[in-house]
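Let me begin by presenting the structure, written as structure tokens, before commenting on it.
Just so it is clear, the model here is predicted, and its values are computed rather than measured. We count ligands from 1, going down the list as the structure has it; atoms in each ligand are counted the same way. Side-chain atoms are counted along with the backbone in the values below, which use heavy atoms only and exclude waters and symmetry mates.
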Amino acid sequence: MLSIIVPVFNEKDNLQKLNDEILFVVQKMGVSFEIIFVDDGSTDQSWKEIESISSKNQNTKGVRLRKNYGKSAALQIGFDTSSGDVVITLDADFQDSPHEIPELYKMITKDGYDLVSGWKQKRFDPLNKTIPTKLYNWATRKMSGIELHDFNCGLKAYKKEVVKNIDVYGEMHRYIPVLAHWAGFTKIGEKVVAHQKRQNGITKFGPERFMHGFLDLLSIWFMVKFGKREH
Ligand code: UDP
Ligand code: MG
């Protein structure tokens, strides 16, 4: 089974269309699947929308967090809830394309990857985001030894064992490949993916993202350097 997880914070205008597009792509794959929308305490009509979509589609379900815990927590709940042997995450705002799903699925099932991260080689984000992001990716590569270009791509595919053995908390969604590697999953790959402008709504991360990112990079560095593995 394939599980598709979408973290949602105030994305009401994207959800129906995203569900339709995922269905369009995944139904052709001939595998059983589930779509899990994790509502991360939205204050708009997102949860109503998720309820309505899931009442009409047996493959779609919704999970709701009591308040806005952040993308990491939303992904973690999605991972806990998922029952697929392959798990794919994507953002709700159409910056990630559902059309990448079949190839990502193949890289996990046929090519034997533990984790495949999307690489937004050509990005449609403002410069004040793309430049610091390049720096973070460089620093994370150096620190972790993992040769990825784009650690924080929303589009990622995992073997079930990976999502059931990592703990994504705080703002650690930016470093999931590092968490997975640290937990012993070393076959990590990347796939160039199409990237688009956000279609509706606004970004949920302001300039403070870089402060968070920096502090998290430090804690990740401590973990890799001095941490004891639990698994
Ligand atoms: N998101 C979330 N909780 C949050 C912030 C964001 O679930 O507290 C979701 C959001 O709805 C989207 C994804 O995480 O599906 C990425 O967020 P966004 O597009 O705002 O980030 P950006 O693309 O600007 O990095
Ligand atoms: Mg986005």
Heteroatom test (N, O or S) for T203 near the Mg ion (ligand 2), limit 2.8 Å: no
Under 2.8 Å: N/O/S of D91 next to the Mg ion (ligand 2): no
Pairwise distance CD1(I166) to CG(L115) - rounded to 0.5 angstrom: 7.5 Å
Salt-bridge contact R198-E11 (side-chain N to carboxylate O under 4.0 Å): yes
Any side-chain heavy-atom pair of K71 and K204 under 4.5 Å: no
Closest D93 atom to the Mg ion (ligand 2) [N, O or S only]: OD2
Y158 ring center within less than 6.0 Å of F79 ring center: yes
side-chain hydrogen bond (donor to acceptor under 3.5 Å, both in side chains) between Q199 and K17, intermediate numbers included: CA-CA 11 Å; Q199 285 203 356; K17 188 168 166 237; 2.9 Å; yes
Hydrophobic cluster (4.5 angstrom, side-chain heavy atoms) - remaining members for V192: W119
Over-ring placement of K134 relative to Y136, 6.0 Å and 45° cut-offs: no
Could you list each N/O atom of ligand 1 together with any protein N/O atom closer than 3.5 Å, one pair per line with the distance?
from	atom 1	to	atom 2	distance (Å)
ligand 1	3 (N)	D40	OD2	2.6
ligand 1	8 (O)	D40	OD2	3.2
ligand 1	8 (O)	N68	ND2	3.0
ligand 1	11 (O)	F9	N	2.9
ligand 1	11 (O)	E11	OE2	2.6
ligand 1	15 (O)	P7	O	2.8
ligand 1	15 (O)	A92	N	2.9
ligand 1	19 (O)	D93	OD2	2.7
ligand 1	19 (O)	R198	NH2	2.9
ligand 1	20 (O)	R198	NH2	3.3
ligand 1	20 (O)	K204	N	2.6
ligand 1	23 (O)	Q95	OE1	2.8
ligand 1	24 (O)	K129	NZ	3.2
ligand 1	24 (O)	T203	OG1	2.5
ligand 1	25 (O)	K129	NZ	2.8
ligand 1	25 (O)	R209	NH1	3.3

